Amino acid sequence: MQRKIIGVRVAQELFAVETAVETTYGAMAQFAGLLANARTEANLSAVYGQEVMEDVNAAMAHLLQARRALVKAHGGLAEVRDQVGLRQVAFGVQDKPEVEPPRGRLRAVGE
């Protein structure tokens, strides 16, 4: 029971971090759009703010790398969940892609 309680806490925090990354990425995209629109509305040459746009887009690219690492960590935590005997416990309600069953020589009993 203790592992299940801890697993729920870890899952809740993981989902919160994933949501924060997604929300931040969306906010950054809106900000990049605002910068582009502000320049054109102010009738300024594209020369103005070019480095700023590059910096904002670089920050977005770094955030995508962080997101990729977080997705990988999520998969790693799923493995740990299985290793500690919580395989049958569902910690989230998010829609997830189907996982292909492992291929190889092992098969379920009764097949």
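This one's a predicted model, so the numbers in the text were calculated from it and none came from an experiment. Worth knowing before you read on, the calculation uses all heavy atoms, side chains too, and leaves out hydrogens, waters and symmetry mates.
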For this session: Compare every heavy atom of Ala46 with every heavy atom of Arg39, then report the nearest pair and how far apart it is.
Result: NH1-N, 3.4 Å
Exercise. Roughly how far, to the nearest 0.5 Å, is the CD atom of Glu41 from the CG atom of Leu34?
Worked result: 8.5 Å
Exercise. What about Val17 and Leu77, same hydrophobic cluster or not, with Ile/Leu/Val/Met/Phe/Trp/Tyr joined at side-chain heavy-atom distances under 4.5 Å?
Worked result: yes
Exercise. Is there a side-chain contact (heavy atoms from CB on, under 4.5 Å) between Phe15 and His74 once you walk through the steps?
Worked result: CA-CA 9 Å; Phe15 299 149; His74 189 136; 3.7 Å; yes
Exercise. Are any of the side-chain nitrogens in Glu22 or Arg67 under 4.0 Å away from the carboxylate oxygens of its partner?
Worked result: yes
Seminar exercise, completed: When every non-hydrogen atom of Ala59 is compared with those of Met28, the smallest separation belongs to CB-CE, 3.2 Å
Seminar exercise, completed: Heavy atoms of Leu86 and Arg3 approach each other most closely as CD1-O, 3.5 Å
Exercise. Once you round to the nearest 0.5 Å, how far does CD of Gln50 lie from CG of Asp55?
Worked result: 10.0 Å
For this session: Flag yes if Leu70 and Leu64 sit in one hydrophobic cluster, no otherwise; membership is Ile, Leu, Val, Met, Phe, Trp, Tyr, and two members link when side-chain heavy atoms are under 4.5 Å apart.
Result: yes
Seminar exercise, completed: Heavy atoms of Met60 and Ala32 approach each other most closely as SD-CB, 4.3 Å
Exercise. Cut-off 3.5 Å, side chains only: do Gln83 and Glu79 have a donor facing an acceptor?
Worked result: no
Exercise. Could you give the distance from CG (Leu63) to CG (Asn57), rounded to the nearest 0.5 Å?
Worked result: 12.0 Å
For this session: Identify the two heavy atoms, one from Phe31 and one from Val56, that lie closest to each other, and give their separation to 0.1 Å.
Result: CE2-CG2, 3.9 Å
Problem set entry | Within 6.0 Å of CD in Glu51, more than 12 heavy atoms from elsewhere | no
Exercise. Under 4.5 Å between side-chain heavy atoms, hopping through other hydrophobics if needed: is there a path connecting Val71 to Leu14?
Worked result: no
